[in-house]
2 protein chains.
Amino acid sequence: MSSPQQPVFKALADPTRRAILKRLQEGSETAGEIASEFPISKPSLSHHFNILKAADLVRTERRGQHIVYSLNATVLQEAMAMLLDIFSPGDSSQDQDNEESERE
Amino acid sequence: MSSPQQPVFKALADPTRRAILKRLQEGSETAGEIASEFPISKPSLSHHFNILKAADLVRTERRGQHIVYSLNATVLQEAMAMLLDIFSPGDSSQDQDNEESERE
DNA sequence: TGTATATTTAGACAAATATCGAAATAAAAG
DNA sequence: CTTTTATTTCGATATTTGTCTAAATATACA
């Protein structure tokens, strides 16, 4: 319960971080491997990792010198559930074409 | 195809804007009505409206002096679809407990 | 212990963002 | 045409964000 989604949506707002998540979906990777795939510096990536960790979107595991990052899909699902809730609150009847409720 | 989701996720990153979307889900409202529900100034709200419009998350309709805002649920659905794609790319079998990738 | 490799932290800086009050625009009403 | 009401645009400002280089920490290994 009590999912503080602010950090999750903040984390998802950056394209680099979304790309990291997508990459991690295909399998856990070390920080260095991820860094080698992006055109930004390792400290910058580390900064993004911190934001993803703060949002609980990724988990880390030390393996020798390496730190392995892996995806936490549960939080991603919760974020989706919250989006679902926005456009159909507590009900499954989503009316895609939101007709004009003429109330004054 | 070709959904430029950057502005959508940026728009969803702000709690005020998510609250606006949630409010609009319950029915279209004029700018003034929405503004009266939030503790920030009307120019600030107008700024948020612009961001939501740029992301195509809301539509507007002039009605006399008022401007009526309504939700565009389709774009919200597309954002969810993209989240879905992050944690299970092109497949529907979502494994909630992402154990250490025994897939290739 | 000392050196190499992997990753993070510290500090700085430019760009983006959220906010405001004041002024501008648009439509309605007198 | 002037005033009133609704909303946006303008200009300013403080905070947050993404990025960098340099330095620090942590582990492995000779």
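Numbered from 1 within each chain, the chains take letters A, B, ... in sequence-line order.
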Value in whole Å for how far the [atom2] atom of [N] lies from [atom1] of [X]:
| X | N | atom1 | atom2 | result |
| --- | --- | --- | --- | --- |
| B:His48 | D:dT9 | NE2 | P | 15 Å |
| A:Leu52 | D:dT17 | CG | C1' | 14 Å |
| B:Asp14 | D:dT16 | CG | P | 13 Å |
| B:Phe38 | C:dC20 | CZ | C1' | 18 Å |
| A:Gln6 | D:dT16 | CD | C1' | 15 Å |
| A:Ile40 | D:dT21 | CD1 | P | 12 Å |

Does B:Glu61 pair with B:Arg63 as a salt bridge, N-O distance under 4.0 Å?
-> yes
Which letters describe nucleotides 6-14 of chain C, given B = protein heavy atom under 4.0 Å from base, S = only from sugar-phosphate, - = neither?
-> SSBB-----
Which pairs of donor and acceptor atoms, one on a side chain in residues 11-20 of chain A, lie under 3.5 Å apart (sequence neighbours left out)?
from, atom 1, to, atom 2, distance (Å)
A:Asp14, OD2, A:Thr16, N, 2.9
A:Asp14, OD2, A:Arg17, N, 3.2
A:Arg17, NE, A:Ala11, O, 2.9
A:Arg17, NH1, A:His48, ND1, 3.0
A:Arg17, NH2, A:Lys10, O, 3.1
A:Arg18, NH1, A:Leu12, O, 2.7
A:Arg18, NH2, B:Gln6, OE1, 3.2

Passes side-chain contact (heavy atoms from CB on, under 4.5 Å), A:Leu57 versus A:Leu52? Steps please.
-> CA-CA 5 Å; A:Leu57 280 164; A:Leu52 290 171; 4.0 Å; yes
Going hydrophobic residue to hydrophobic residue with side-chain gaps under 4.5 angstrom, can you get from A:Ile51 over to A:Leu71?
-> no
Out of D:dT16, C:dT19, D:dG18, minimum distance to the side chain of A:Lys10 belongs to D:dT16
Can you find a side chain N or O atom of [X] that sits less than 4.0 Å from OP1 or OP2 on [N]?
| X | N | answer |
| --- | --- | --- |
| A:Ser41 | D:dT19 | no |
| B:Ser44 | C:dC20 | yes |
| B:Arg63 | D:dA6 | no |

Can you tell me how far the CD1 atom of A:Ile67 sits from the CD atom of A:Glu29, to the nearest 0.5 Å?
-> 14.5 Å
What's the spacing between A:Ile34 CD1 and A:Tyr69 OH if we round to 0.5 Å?
-> 7.5 Å
